[in-house]
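Worksheet: one structure, shown below.
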Amino acid sequence: MPHVRVDPGKCQGHARCLVFAPEIFDLDDEGYSFVPEEHRHREQMTEDLRLAVANCPERAIVVKED
Ligand code: SF4
């Protein structure tokens with residue numbers, strides 16, 4: 001199962017990930033993206049997540065298979 005997170009060292013807060021996958025990503029109080037715990041483990045790779053990864057200018061979204 002894919003596991004998704006945002007690398008806080010790379011995220012610049014464009015929020016493009018939220019445009020493509022609002023069900024997965026959220027913004028913290030400073031405007032940086034993160035994935036809430038309950039959304040980290042995905043059943044499968046979905047198109048919204050694929051688009052978010054492809055459109056993150058900082059390549060900050062990390063998807064790993066568990
Ligand atoms: S698009 Fe990438 S860099 Fe921008 S907020 Fe989302 S994860 Fe962070």
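Counting from 1, the numbers follow the sequence of the chain as shown. Whatever order the structure lists ligands and atoms in, that order sets their numbers, starting from 1.
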* Could you tell me whether a side-chain N or O of H39 sits under 3.5 Å from a main-chain N or O of E23, the two making a donor and an acceptor? => yes

* To do: May I ask you to decide if V35's main-chain N or O and R40's side chain share a donor-acceptor pair within less than 3.5 Å?
  => yes

* Asked: Atoms of ligand 1 less than 4.0 Å from E58 heavy atoms?
  -> 3 (S)

* To do: Pull out every atom of ligand 1 sitting under 4.0 Å from any heavy atom of R16, numbered as shown with elements.
  =>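 Reading through ligand 1 atom by atom, the close ones are 1 (S).
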
* Asked: Would you call C56 and C17 a side-chain contact if the rule is heavy atoms closer than 4.5 Å?
  -> no

To the nearest 0.1 Å, how far is [atom] from its closest protein heavy atom, and which atom is that?
atom                    : result
atom 2 (Fe) of ligand 1 : C56 SG, 2.3 Å
atom 8 (Fe) of ligand 1 : C11 SG, 2.4 Å
atom 5 (S) of ligand 1  : A15 N, 3.2 Å

* Give a yes or no on whether E43 atom CD has more than 12 heavy-atom contacts from other residues, nucleotides or ligands under 6.0 Å away. =>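 Not more than 12 within 6.0 Å, no.
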
* Does a sphere of radius 6.0 Å around CD in E38 hold more than 12 heavy atoms from other residues, nucleotides or ligands, not counting ones at 6.0 Å or beyond? ->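 Result for CD/E38: enclosed.
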
* Structure fact -> All heavy atoms of S33 vs all of V6, minimum pair found to be O-CG1, 3.5 Å

* Atom name, H14 (N, O or S, nearest to atom 4 (Fe) of ligand 1) ->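 Closest to atom 4 (Fe) of ligand 1 among those atoms: ND1.
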
* Check each of S33, A21, G31, C17 against atom 6 (Fe) of ligand 1 and report the one with the nearest heavy atom. =>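 Looking at heavy atoms only, the winner is C17.
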
